[in-house]
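Worth saying up front: this structure is predicted, and the values here are computed from it rather than measured. Quick note: residue numbers are just sequence positions, from 1.
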Amino acid sequence: MRQNQYFCNVIRTSQVIKVMKNVKMYEPTDKMIALIKDDYNLLQALGSFGINLGFGDKTVEETCAMNHVDTHTFLAVVNFIVNGCVNHVDDHQIDVRTLLHYLDASHAYFLGCQMPAIRRLLAETFDAHDAIGHLIMKLYDGYARDIQRHMKYEEKTLFPYVLALLEGRTMNDYNVETFSKHHGATDKTLRELKLMIIKYIPSDAHRNNKLTNTLYNIYNNEQWLKLHAEVEDQIFVPAVRRLESQLKQNSVTQTISSMVFKSGQDNGDALSDRERDVIVALVQGMSNKEIANHLCISTNTVITHRRNIARKLQIHSPAGLTIYAIVNGLVDISAVGL
């Protein structure tokens, strides 16, 4: 028994190694036609990226450049589709706008081409008096409505949100986690439909050929929908998370910059030129009397200026005024005794 288990493990290990050796990660210098020869399922992906047929013997990079498609993002999706799950969480080269176009075009292809094509095949298989056929069509139409509702939600809610992020705007009532938590598989009804046809639809040779053709398309659509959801989960969602994070960092940076470089504004009050002169003198270590003599004003006027400076800047200590003066270019750091 142990010996048999050992040989099973050896076989499994050799199979894994063989699969790993056969994995092909496509690169910008590969011919585009080679991708299609290796996996014809990539034809749909090309169309969704906006790459039309007729690219000759051009490389992936040349074809993408000719069609204004980001090469890195294109290859990330292609290698994911061909080779399975690849972690893109830290891939900062992913272009979100390219992904957005790809997903939107994929929706249009699925809703406008693939789903109607399957319905036509089903309709050709059943006649008007076929009760079971009628129920099958009803099941499919329910599935179609669910898929359309899901994709239209993304187009009306998620995609505009991502576009806003790309433009530097945020929406306080939404983030990509809201989408990710509710983004489940929507193909359960399709699997049920497939089983109903296989198990319960009686058929002669003619109908069997039509049903087989329909099932083949349903299986293809099931696989396509699974890959589409995985591209969203594994590539698109992490990319949007990075965009959200970057926007938050930029917002914090701008806030800090505004606080530091607001040039002493408080309630609309900016420092006067004389108040700036007082700050420079204070930073240089002068006393109130020395400042008064230096600026040809009274000591009481110096005290009033200092009181106004503290109110406007909310800075009271000599160290704080020194930092303010250096940051805002009132004095050179080399001229300050630290």
Side-chain angles (χ1 to χ4, degrees), residues 23-117 147-148 150-152 154-156 158-163 165-167 176 179 183 217 220-243:
V23 168
K24 163 71 173 173
M25 296 297 290
Y26 295 101
E27 299 179 354
T29 53
D30 288 325
K31 299 288 187 182
M32 184 66 84
I33 188 62
L35 276 64
I36 307 304
K37 287 180 179 179
D38 290 346
D39 192 337
Y40 66 86
N41 288 312
L42 294 177
L43 283 169
Q44 184 274 321
L46 261 65
S48 291
F49 273 111
I51 298 175
N52 297 324
L53 303 179
F55 38 73
D57 289 320
K58 289 184 173 63
T59 65
V60 169
E61 190 170 33
E62 290 170 340
T63 306
C64 286
M66 185 174 64
N67 291 276
H68 308 291
V69 175
D70 181 71
T71 303
H72 181 84
T73 305
F74 172 79
L75 285 173
V77 173
V78 165
N79 283 317
F80 181 86
I81 291 173
V82 174
N83 299 315
C85 289
V86 178
N87 191 350
H88 292 280
V89 172
D90 297 320
D91 192 346
H92 292 273
Q93 291 181 269
I94 293 290
D95 183 72
V96 177
R97 198 176 296 275
T98 299
L99 269 182
L100 199 60
H101 178 274
Y102 166 79
L103 295 174
D104 191 39
S106 294
H107 287 186
Y109 175 81
F110 190 72
L111 296 177
C113 183
Q114 288 190 238
M115 289 185 64
I147 291 297
Q148 187 174 45
H150 172 77
M151 290 186 172
K152 290 303 179 184
E154 292 182 9
E155 293 168 12
K156 292 180 179 180
L158 176 64
F159 293 177
Y161 168 73
V162 176
L163 283 173
L165 290 179
L166 289 169
E167 294 169 0
V176 77
F179 164 76
H183 186 224
N217 280 272
N220 277 343
N221 277 269
E222 186 177 28
Q223 180 63 19
W224 181 91
L225 193 62
K226 179 175 180 292
L227 283 172
H228 177 78
E230 288 177 351
V231 167
E232 289 183 325
D233 290 337
Q234 301 296 328
I235 303 179
F236 185 59
V237 169
V240 176
R241 285 197 187 107
R242 289 193 299 273
L243 199 58

Quick check for you: to the nearest 0.5 Å, what is the distance between [X] atom [atom1] and [Y] atom [atom2]?
X: Thr29; Y: Glu62; atom1: OG1; atom2: CD; answer: 10.0 Å
X: Phe80; Y: Gln234; atom1: CZ; atom2: CD; answer: 5.0 Å
X: Asp70; Y: Leu99; atom1: CG; atom2: CG; answer: 9.0 Å
X: Asn41; Y: Leu46; atom1: CG; atom2: CG; answer: 12.0 Å
X: Lys156; Y: Glu154; atom1: NZ; atom2: CD; answer: 13.0 Å
X: Asp57; Y: Phe55; atom1: CG; atom2: CZ; answer: 9.5 Å

**OP:** List for me each residue that meets salt bridge (Lys or Arg N to Asp or Glu O under 4.0 Å) alongside Glu27, sequence neighbours excluded, and say none if there are none.
**Re:** none

Original post:
With sequence neighbours excluded, what pairs up with Lys58 under the salt bridge (Lys or Arg N to Asp or Glu O under 4.0 Å) test?
Top reply: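 Lys58 satisfies salt bridge (Lys or Arg N to Asp or Glu O under 4.0 Å) with no other residue.
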
Original post:
Hey, mind stepping through Leu158 and Phe236 against side chain to side chain contact (heavy atoms under 4.5 Å, CB included) and telling me if it holds?
Top reply: CA-CA 11 Å; Leu158 176 64; Phe236 185 59; 3.6 Å; yes

Subject >> Short side-chain to backbone donor-acceptor contact, Asn79 and Met25, under 3.5 Å >> reply: no

**OP:** Would you please indicate if the ring centroids of His107 and Phe159 are separated by under 6.0 Å?
**Re:** yes

With sequence neighbours excluded, tell me which residues meet side-chain hydrogen bond (donor to acceptor under 3.5 Å, both in side chains) with [X].
X: Thr98; answer: Asp95
X: Asn220; answer: none
X: Asp104; answer: none
X: His72; answer: Asp91

Original post:
Residues in ring-ring contact (aromatic ring centres under 6.0 Å, His included) with Phe49, at least two apart?
Top reply: Phe74, Tyr102

Original post:
Which residues satisfy the ring-ring contact (aromatic ring centres under 6.0 Å, His included) test with His101, sequence neighbours excluded?
Top reply: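 With neighbours one apart ignored, the set is empty.
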
Can you sort out the partners of [X] under side-chain contact (heavy atoms from CB on, under 4.5 Å), two or more places apart, ordered by chain and number?
X: Leu227; answer: Ile81, Gln223, Glu230
X: Pro28; answer: Glu61, Thr71, Leu75
X: Phe110; answer: Gln114, Met115, Tyr143, Ile147, Met151, Asn221, Trp224, Leu225

For a quick test of reading the model, state the closest non-hydrogen atom pair linking [X] to [Y] and the distance between them.
X: Ala76; Y: Ile94; result: CB-CD1, 3.5 Å
X: Ala105; Y: Ser48; result: CB-O, 3.3 Å
X: Asn67; Y: Gly50; result: OD1-O, 3.5 Å
X: Ile235; Y: Val77; result: CD1-CA, 4.1 Å
X: Lys31; Y: Leu35; result: O-CD1, 3.4 Å

Original post:
How far apart are the C-alpha atoms of Thr63 and Ile51, what are their side-chain angles, what is the distance that settles it, and do they pass the side chain to side chain contact (heavy atoms under 4.5 Å, CB included) test?
Top reply: CA-CA 8 Å; Thr63 306; Ile51 298 175; 3.6 Å; yes

**OP:** Could you walk me through whether Arg97 and Leu163 pass side chain to side chain contact (heavy atoms under 4.5 Å, CB included), step by step?
**Re:** CA-CA 8 Å; Arg97 198 176 296 275; Leu163 283 173; 4.0 Å; yes

